Amino acid sequence: MKIPVNELRKFNGTYEWYEKYGEGYRIVYFYDDGSYYVGGFARDIDGFMFDFCESYPIDDESDIPEFISVDDLLGRYLNSLKDISAAALYKTDGTCVMKKTREVNKSQK
């Protein structure tokens, strides 16, 4: 799915963060009804690992899980957010890096 660039560059209703930090990445959450939500921003892909820290505040860098791959990152979002049907990583220029869809067990249908 193509997400408009202006949506990927807007955060909390403004473009201030984009003007300050420039290009980066956004996580996009997809729902069964076809809607989506543009989530957090990170300058580098491994910056999204902050979302998976087990305790806050983060006292030490060892509290941040290690980045393994984009596939692993998207899988973590799918495992932690049960109401989404897919998660995708987009560049703020509109390029979809990868999208991962939740696997539905046929016995659950």
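Residue numbers start at 1 and run along the sequence shown. Side chains are part of it too, since the values below use all heavy atoms of this structure and drop only hydrogens, waters and symmetry mates. Note that the coordinates shown come from a computational prediction; the quantities given were computed from them, not determined experimentally.
Aromatic ring centroids of Y36 and Y29 lie 6.0 Å or more apart.
Remark: side-chain polar atoms of R26 are paired, donor with acceptor, to backbone N or O of L8 under 3.5 angstrom. A distance-only check finds no donor-acceptor pair linking the side chain of R9 to the backbone of Y15 [under 3.5 Å].
Between I27 and L74, some side-chain heavy-atom pair lies under the 4.5 Å cut-off. Residues T92 and V5 have side chains not in contact (no heavy-atom distance under 4.5 Å, counting atoms from C-beta outward). Between Y25 and F48 there is a side-chain heavy-atom pair separated by less than 4.5 Å. The side-chain heavy atoms of L89 and V28, taken from C-beta on, include no pair separated by under 4.5 Å. For the pair Y18/F41, no side-chain contact is recorded, criterion being any heavy-atom separation below 4.5 Å from C-beta on. In this structure the side chain of T95 never reaches within 4.5 angstrom of the side chain of Y90, judged on heavy atoms.
Note: the hydrophobic cluster containing F11 does not contain V38 (ILVMFWY, side chain heavy atoms under 4.5 Å, direct or indirect links). Put simply, I68 and I45 are part of two different groups of oily side chains (I, L, V, M, F, W, Y) that touch within less than 4.5 Å, one to the next.
Taking NZ of K100 as the start and CZ of R76 as the end, the distance is 11.0 Å to the nearest 0.5 Å. The CG atom of D71 sits 4.0 Å away from atom CE of M98, with the distance rounded to the nearest 0.5 Å. Note that the NZ atom of K91 and the SG atom of C96 stand 11.0 Å from one another [nearest 0.5 Å]. With rounding to the nearest 0.5 angstrom, the OH atom of Y77 is 9.5 Å from the CD1 atom of I84. Between the CG atom of L78 and the CG atom of L73 there is a distance of 10.0 Å, given to the nearest 0.5 Å.
Cation-pi geometry between K99 and F30 is satisfied (NZ or CZ under 6.0 Å from the ring centre, within 45° of the ring normal).
In E23, the CD atom is crowded: over 12 heavy atoms of neighbouring residues, nucleotides or ligands sit closer than 6.0 Å. For K82, the NZ atom sits in a packed shell: over 12 heavy atoms of surrounding residues, nucleotides or ligands are nearer than 6.0 Å.
Exactly one residue among T101, D33, D32 makes a side chain to side chain contact (heavy atoms under 4.5 Å, CB included) with S85. That residue is D32.
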